There are 2 protein chains.
Amino acid sequence: MISHMEKNPSTLDDLDFAILSCLQKDGRMSFTEIAERLNVSVGTARTRLNRLIDDGIISIIGRVDPDKVGFGAYAHIAVYVRPATLKEQVAETISQLPEVSFLASTSGEYDLEVDVMCQSNSHLVQFVNDISVIEGVYQTKTTLYFKVYKYAQPDLGLLK
Amino acid sequence: MISHMEKNPSTLDDLDFAILSCLQKDGRMSFTEIAERLNVSVGTARTRLNRLIDDGIISIIGRVDPDKVGFGAYAHIAVYVRPATLKEQVAETISQLPEVSFLASTSGEYDLEVDVMCQSNSHLVQFVNDISVIEGVYQTKTTLYFKVYKYAQPDLGLLK
DNA sequence: AATCAAATCTGCATATTTTGCAGAAAATTA
DNA sequence: TAATTTTCTGCAAAATATGCAGATTTGATT
């Protein structure tokens, strides 16, 4: 017996996708407006949307513009872990750091990718120094993001 | 005479930062709740928040979990542009593609970084082929994201 | 195919939130 | 200091969210 079915792609129907699309456009769209656009009752829109959020299918987040808010150094750091067995542990440590906005393990030449927002170049240098001394971090390569052209959500229509 | 003052870091006060913090935690937090937490009137919270959004300082977006929603291939593509003068033009073209969730110019070895969400590996291959034939794209290097450990917003407290 | 159980949807009444606006307070400028 | 602009507050009206009971649909089992 399964008490709570975890959502996976196959359990998302057209209505779910339509709600996700609405939220991608405007994370503060009201239940009422979503319901009207999709021709369902407010209750339905609310139930679905709340479940999508609870199940972690979508997160409604406020994303600050790093420049406008004062993060002068937005960067990408490639992290090489040796021995490779320490990867999870290193990831755990790095994910705690407040500057980190994105952290993932990768298939490529390096093992972990860390995106960070720092106040200034010197703060960034400090940050890179800090992660360089974590046990298991063998090497790092830092790349600055100069100009962000797009920061959006992929078109869910691609999944149809 | 300046009719509309563009916001820059120095014009954001403590209340603005406090509102941004609330929205980073929950993009759907109501004006009322924000007002109560910060001990200001609802009208003030509303005016500030709307202005922060209008000025592009923060965007409230629904971010879907690529795995759960059916994007089986989440990847990072390093793009080398030759001649370098075509960079803006290439960026413009790539930013139109629906798979692209992030696009920025960088300081490093490569010129542009493109993050994409594709349905499958074959869709990703197709995508990489498509951008490889764009005029000015000299070379690409694709790295898959295997596991995302963190996808959050940086701590605004770092700016204090 | 019929039945039952579980899940989902709808619509309504109530509670809460948002919106528009006018006047008070604060900040800015001359 | 006075004038001007900007920001804040509080109130009433409109819009929205919430809780819930009953209807509908879906899915599993026989």
Side-chain angles (χ1 to χ4, degrees), chain A residues 1-62 64-65 68-70 156 159-160, chain B residues 1-65 68-70 156 159:
Chain A
M1 188 199 312
I2 297 170
S3 61
H4 176 65
M5 188 48 145
E6 174 105 335
K7 283 279 179 182
N8 61 55
S10 65
T11 63
L12 294 175
D13 63 15
D14 291 346
L15 180 55
D16 289 316
F17 277 112
I19 292 172
L20 293 175
S21 283
C22 286
L23 292 173
Q24 283 188 326
K25 289 180 200 110
D26 175 9
R28 288 181 79 80
M29 189 179 292
S30 69
F31 294 130
T32 303
E33 184 169 351
I34 292 170
E36 282 169 1
R37 288 188 184 211
L38 306 182
N39 281 101
V40 294
S41 74
V42 176
T44 302
R46 171 174 47 133
T47 309
R48 294 291 194 109
L49 165 39
N50 284 338
R51 187 171 47 213
L52 289 168
I53 291 173
D54 289 345
D55 290 349
I57 309 234
I58 195 167
S59 317
I60 312 297
I61 59 167
V64 297
D65 181 313
K68 291 182 179 166
V69 102
L156 293 174
L159 297 170
K160 289 297 161 55
Chain B
M1 187 197 314
I2 296 170
S3 61
H4 176 66
M5 188 52 146
E6 173 103 336
K7 282 280 179 183
N8 62 55
S10 64
T11 64
L12 294 175
D13 64 15
D14 290 347
L15 180 55
D16 289 316
F17 276 112
I19 292 172
L20 292 174
S21 283
C22 286
L23 291 174
Q24 283 188 326
K25 289 180 202 111
D26 175 8
R28 288 182 79 80
M29 189 180 290
S30 69
F31 294 129
T32 304
E33 183 169 352
I34 292 169
E36 280 169 2
R37 289 188 182 208
L38 306 181
N39 280 100
V40 293
S41 74
V42 176
T44 302
R46 171 174 47 135
T47 309
R48 294 292 194 108
L49 164 39
N50 284 337
R51 187 171 47 215
L52 290 168
I53 291 174
D54 290 344
D55 290 348
I57 299 191
I58 195 168
S59 316
I60 312 298
I61 59 166
R63 200 192 100 79
V64 298
D65 182 313
K68 290 182 180 166
V69 102
L156 293 174
L159 297 170

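Values in this document were obtained by computation on a predicted structure and should not be read as measured data. Convention: sequence-line order gives letters A, B, ...; per-chain numbering from 1.
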Below 4.0 angstrom from OP1 or OP2 of D/dT9, is there any side-chain N or O of B/Thr44?
yes
Under 4.0 Å between a side-chain N/O of B/Thr47 and OP1 or OP2 of D/dT7, yes or no?
no
In whole Å, what is the span from the CD1 atom of A/Ile53 to the P atom of D/dA17?
12 Å
Passing candidate, side chain to side chain contact (heavy atoms under 4.5 Å, CB included) with A/Phe31, options A/Val42, A/Ile19, A/Thr44
A/Val42
Any chance you could list the contact pattern along nucleotides 18-24 of chain C? Use B for base contacts, S for sugar-phosphate-only contacts and - for none, protein heavy atoms under 4.0 Å, 5' to 3'.
SBBB---
What is the distance, rounded to the nearest whole Å, between atom CG of A/Asp26 and atom P of D/dT16?
13 Å
Between atom CD1 in B/Ile34 and atom P in C/dT16, what is the gap in whole Å?
19 Å
Derivation of the side chain to side chain contact (heavy atoms under 4.5 Å, CB included) call for B/Ile53 and B/Ile58:
CA-CA 5 Å; B/Ile53 291 174; B/Ile58 195 168; 4.0 Å; yes
Check the distance between D/dT7's P and B/Asp14's CG and give it to me in whole angstrom.
16 Å
Protein-nucleotide distance (B/Arg48, atom CZ; D/dT9, atom C1'), rounded to Å:
14 Å
A/Glu36 has an atom CD; how far is it from atom P of D/dA15, in whole Å?
11 Å
Separation of A/Arg51 atom CZ from C/dA7 atom P, in whole Å?
11 Å
Keeping A/Asp13 on the side-chain end and A/Leu15 on the backbone end, is there a donor-acceptor pair under 3.5 Å?
yes
For atom CG of B/Asn39 and atom P of D/dG10, their distance in whole Å
12 Å
Minimum heavy-atom distance B/Gly27-B/Ile60, with the two atoms named:
O-CG2, 3.4 Å
Any sub-3.5 Å donor-acceptor pair from A/Arg28's side-chain atoms to B/Met29's backbone N or O?
yes
Return the CG to CG distance between B/Leu12 and B/Leu159, rounded to the nearest 0.5 Å.
9.5 Å
